[in-house]
Amino acid sequence: MAETDSDIPESLIELERKAWAEQEAGALTVKTAAAVQAAYTEHAAATGQSRYDLERTVKKLVRHPAPEADA
């Protein structure tokens, strides 16, 4: 079962943002990729959820953010 967006730690989202920015620039490092994968694995294990589902949810948040509503 996937977490809601609010259950995902901001630190994990920030790691994915860093990895995505590096990937988009053609400069993704092994260190960054390993750090984000380790964070996915650790958080998924701690919460008892699928690492795959967690990663998919975070990547969707980072790569395809919902448009903000006009205030």
Side-chain angles (χ1 to χ4, degrees):
M1 171 186 268
E3 291 184 53
T4 63
D5 297 353
S6 62
D7 293 336
I8 299 170
E10 187 61 32
S11 60
L12 185 53
I13 294 170
E14 285 304 316
L15 273 173
E16 181 59 44
R17 283 185 182 134
K18 179 179 180 185
W20 181 238
E22 287 183 14
Q23 187 174 345
E24 288 285 279
L28 179 62
T29 64
V30 171
K31 182 178 178 179
T32 299
V36 76
Q37 289 303 310
Y40 282 132
T41 301
E42 182 179 316
H43 186 70
T47 59
Q49 67 177 340
S50 163
R51 189 202 59 78
Y52 171 78
D53 289 341
L54 174 64
E55 184 174 352
R56 184 181 60 200
T57 299
V58 174
K59 285 183 175 185
K60 183 178 177 185
L61 284 170
V62 170
R63 298 176 184 191
H64 308 287
E68 293 185 28
D70 293 331

Only pairs at least two apart or in different chains count here, so list each salt bridge (charged side-chain N to carboxylate O under 4.0 Å, His left out) that has a residue in residues 18-28.
none
Is there side-chain contact between R51 and H43, with at least one heavy-atom pair below 4.5 Å?
no
Heavy-atom distance under 4.5 Å between the side chains of Y40 and Q37, does that happen here?
yes
Evaluate side chain to side chain contact (heavy atoms under 4.5 Å, CB included) for R63 paired with E16, printing each intermediate quantity in order.
CA-CA 9 Å; R63 298 176 184 191; E16 181 59 44; 3.6 Å; yes
Could you tell me which non-hydrogen atom of S50 sits nearest to which non-hydrogen atom of A44, and how far apart they are?
C-CB, 4.1 Å
Just to verify, what does E14 make a side chain to side chain donor-acceptor pair (under 3.5 Å) with, not counting sequence neighbours?
R17
If two hydrophobic side chains count as joined below 4.5 Å and joins carry through other members, does L15 share a cluster with L28?
no
Interatomic spacing from CG in L12 to CG in D7 - rounded to 0.5 Å:
12.0 Å
Roughly how far apart are L61 CG and R56 CZ, rounded to 0.5 Å?
12.0 Å
For E42, is the CD atom crowded, meaning more than 12 foreign heavy atoms sit under 6.0 Å from it?
no
